[in-house]
> 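I have a structure I would like to understand better, so I am pasting it below and will then ask my questions one at a time.
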Amino acid sequence: MTANDQPPEKQSPLDFNSTGEEADSFETLFDELETIAHRLEDGALNYQHSIALYEQGVELASRCQQFLSNVEQRIEILRDRTNDGPGSE
C-alpha cells in the first residue's frame, strides 16, 4: 500500500469546523467506487483483474461507510446540542 492509498485521517466527531475537504474526499471515493462497479458490470475484464478491482471496491466502500458513520455521529451531536440548548425542554 502506497502513501496515496492510505485512508484519510479520522476527524473527531466534535470537529464542526471542517473546510469541505472531507466532502471532496467522500465524493472522490464514491466516484472511484462507481467507476469500479461499472467496470465490473461490463464483464470485459479477466478474472485476475476483476478480483483486484473487487478488492479495491470493498476497500473504497469501507472508507465511504466510515465517513458516513462519522457524519452520522456529528449529526447526532448537533441534534443533542440543539435539544439540550436554551429554550428546550
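Since the structure is predicted, the reported quantities are computational estimates derived from the model, not experimental observations.
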> Quick one: CG on Asn70 to CD1 on Ile75, what's the gap to the nearest 0.5 Å?
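It comes to 11.0 Å.
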> So, Thr82 side chain and Leu78 main chain: donor-acceptor pair closer than 3.5 Å or not?
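Yes, Thr82 side chain to Leu78 backbone: donor-acceptor pair under 3.5 Å.
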> In Å, rounded to the nearest 0.5 Å, how long is the span from CD of Glu27 to CZ of Phe67?
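The CD atom of Glu27 sits 8.5 Å away from the CZ atom of Phe67.
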> For the atom pair CD (Glu32) and CD (Gln56), what is the distance rounded to the nearest 0.5 Å?
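Answer rounded to 0.5 Å: 8.5 Å.
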> Report whether Ile51 and Ile36 are members of the same hydrophobic cluster (ILVMFWY, side-chain heavy atoms less than 4.5 Å apart, transitive linking).
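No, because Ile51 and Ile36 fall into different hydrophobic clusters, even though each may have its own neighbours under 4.5 Å.
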> Of all the heavy-atom pairs spanning Phe30 and Cys64, show the shortest one and how long it is.
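Shortest heavy-atom separation between Phe30 and Cys64 comes out as N-SG, 4.0 Å.
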> When you measure from the side chain of Asp42 to the backbone of Ala44, do you find a donor-acceptor pair of N or O atoms at a distance under 3.5 Å?
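No; judged by distance alone, with no hydrogens or angles, the pair does not exist.
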> Is Glu34 atom CD crowded by more than 12 heavy atoms from other residues, nucleotides or ligands, each under 6.0 Å away?
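Counting other residues, nucleotides and ligands, CD of Glu34 exceeds 12 neighbours.
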> Just verifying a value: how many Å separate Arg39 CZ and Leu45 CG, rounded to the nearest 0.5 Å?
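Result: 5.5 Å between the selected atoms.
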> Rounded to the nearest 0.5 Å, what separation is found between the CD atom of Gln66 and the CZ atom of Arg63?
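Output value for this atom pair is 11.0 Å.
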> How many angstroms lie between CG in Leu68 and CD in Glu72, if you round to the nearest 0.5 Å?
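One finds 8.5 Å between CG of Leu68 and CD of Glu72.
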